[in-house]
*Asks:* 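The following block contains the structure, expressed as structure tokens.
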Amino acid sequence: MTDAEAKELETFMNGLEKRNEYEAEFLQAVEEVATSIMPWYLQHDRYRDAQILERITEPDRIIIFRVTWETDKGEIRANRAWRVQFNHALGPYKGGLRFHPSVNQSILKFLGFEQIFKNSLTGLPMGGAKGGSNFNPKGKSDREVMRFCHSMMTELHRHIGEDIDVPAGDIGVGSREISYLFGQYMRLENRWSGVLTGKGQSFGGSAVRTEATGWGCVYFCERMLNHHSECLSDKRVSVSGSGNVALYAAQKLIEKGAKVITLSDSSGMIYIKDGLSMEQWEDIRDLKEGSRGRLSEYESTGIEYHDGKEPWDIPCDIAMPCATQNEIDREEAEALVKNGVLAVCEGANMPTTVGAIEVFKENYILHAPGKASNAGGVAVSGLEQSQNAMRISWDREEVDSRLQEIMKRIHQRCVDEGQTSNSHVDYIDGSNIGGFKKVAEAMLSYGAV
Ligand code: NDP
């Protein structure tokens, strides 16, 4: 970056910080995108004159509301909930709902902002949004979760619709929560519509939606490796998390002949020196999806549990962070590089800090950012919307082949925009510029709206 470009970036970020003083995660997400696109952005006066960067970093609107619900003992509880409708230049707002005690406006704004570019990269007509609540579903009974979801939808239903805003799941929001939310929406609106994605397959859900983010991440990873004359087979892969994304990434990795050597949850990690077997994977899926258990409870040959540890100081060929934001900081990135990591492929949203990104960049590590590599989930959500609108349902093979095709197109877009002179691809720049361009063009076409 030249001095002039750096100065423009600094001026822009100073203004953003003044307007969003306490929103560290949001500022981090914008800084990553702005740093990456600034040289290109400044070469295009028409975007600059229309203040596209300033406009695209201001959400269309944020809805904040109280969710009051009752515990099984009849005690009253109140949580805060949000829907950040960030940008609908390309289509109805689309993005997940997160239930986690850490949820706040900054985290939802960062996720909604990232979602704009991710959705753009899929090539499907979807705008960017995110929502959620600081409600913690852990330790709650099914009836309590149901009462919370019904209460949340009692407000949320006014702001969403199949052509307005179509939420889906994220951390803490799986098929159980989506079903409760959908049931209440139908009751309030007295009509069936594809207003949420991630629904059960018996009531309008798409085949492969459960697997889509994890599988899509592996499809992307394989393309990235192949493009650089490498392959997945026999590679040692450190996966973090053991939720929806991590589990199905691990399943596809095993199917492709890679060795999954770690999984984790917020209490600790398991290390599997010789790689997880498909039987062990099935046990862990049942433990996590069936009884909502902890990894510490799982015992099997060749599996070591390490309490309070994360996977990043274990030597691996590929790191696949699939748990949450800012899991890999500068020191952990340095440890990965020192141990010979070849590629980092993000299943989670923004799992790497700015410092970690710099380390990977300086060392020419292949680094796929979540907005490209985890776009498979929202892509199949987009396919779910299409199937709902057409009142049809495609079988698993059909959806899987469309998912593979979309991941291939996203990869190609990153290559087209991020190819550097020495035949290395900068996937961060590629995905940011590729995602941004389309939204910017649409915003220009609409004039000053
Ligand atoms: P889940 O709730 O299914 O799983 C989350 C996993 O991450 C759990 O193993 C959880 O452990 C762990 N985790 C959560 N918070 C922390 C933390 N602070 N420290 C350590 N571990 C943590 O969520 P998903 O798998 O759906 O989502 C994971 C990531 O992928 C998120 O960043 C999400 O935004 C992103 N994503 C998800 C998509 C989807 O389709 N689901 C689509 C695109 C991106 P524990 O159970 O102990 O909390």
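For ligands, and for the atoms within them, numbers begin at 1 and follow the listed sequence.
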*Asks:* Pull out every atom of ligand 1 sitting under 4.0 Å from any heavy atom of A348, numbered as shown with elements.
*Replies:* 29 (C), 30 (O), 32 (O), 35 (C)
*Asks:* Within ligand 1, which atoms have a heavy atom of R209 less than 4.0 Å away?
*Replies:* 40 (O)
*Asks:* Tell me, which protein residue and heavy-atom name are nearest atom 9 (O) of ligand 1, and how many Å apart are they?
*Replies:* S242 N, 2.9 Å
*Asks:* So, W82 and Q105: side-chain donor and acceptor under 3.5 Å apart, yes or no?
*Replies:* yes
*Asks:* Could you check whether any heavy atom of G172 sits closer than 4.0 Å to an atom of ligand 1, since that is the contact criterion I want to use?
*Replies:* yes
*Asks:* Does only the side chain of S102 get under 4.0 Å from ligand 1, or the backbone, or both, or neither? Count heavy atoms.
*Replies:* neither
*Asks:* What do you reckon, are the aromatic ring centroids of Y185 and W192 less than 6.0 Å apart?
*Replies:* no
*Asks:* Heavy-atom contacts under 4.0 Å between S240 and ligand 1: side chain, backbone, both, or neither?
*Replies:* neither
*Asks:* From atom 12 (C) of ligand 1, work out which of G377, A323, P101, P137 has a heavy atom at the shortest distance.
*Replies:* A323
*Asks:* Below 3.5 Å, N or O to N or O, backbone or side chain included: is there any such pair between N349 and ligand 1?
*Replies:* yes
*Asks:* Against heavy atoms of G241, which atoms of ligand 1 measure under 4.0 Å?
*Replies:* 9 (O)
*Asks:* Counting only heavy atoms, tell me which of T324, T197, T210, T213 gets closest to atom 39 (C) of ligand 1.
*Replies:* T213
*Asks:* Are the charged groups of K361 and D426 less than 4.0 angstrom apart, N to O?
*Replies:* yes
*Asks:* What do we get for R98 next to ligand 1 when only non-hydrogen atoms under 4.0 Å count, side chain, backbone, both or neither?
*Replies:* side chain
*Asks:* Just heavy atoms, cut-off under 4.0 Å: does E211 contact ligand 1 by side chain, backbone, both, or neither?
*Replies:* neither
*Asks:* Is the contact between R294 and ligand 1 made by the side chain, the backbone, both, or neither, using heavy atoms and a 4.0 Å cut-off?
*Replies:* side chain
*Asks:* Using the ring centroid of each side chain, check whether H411 and F220 are separated by less than 6.0 Å.
*Replies:* yes
*Asks:* What part of K138, side chain from CB on, backbone N/CA/C/O, both or neither, has a heavy atom under 4.0 Å from ligand 1?
*Replies:* side chain
*Asks:* Which of the listed options, V378, N244, I171, V173, holds the heavy atom that is closest to atom 41 (N) of ligand 1?
*Replies:* N244
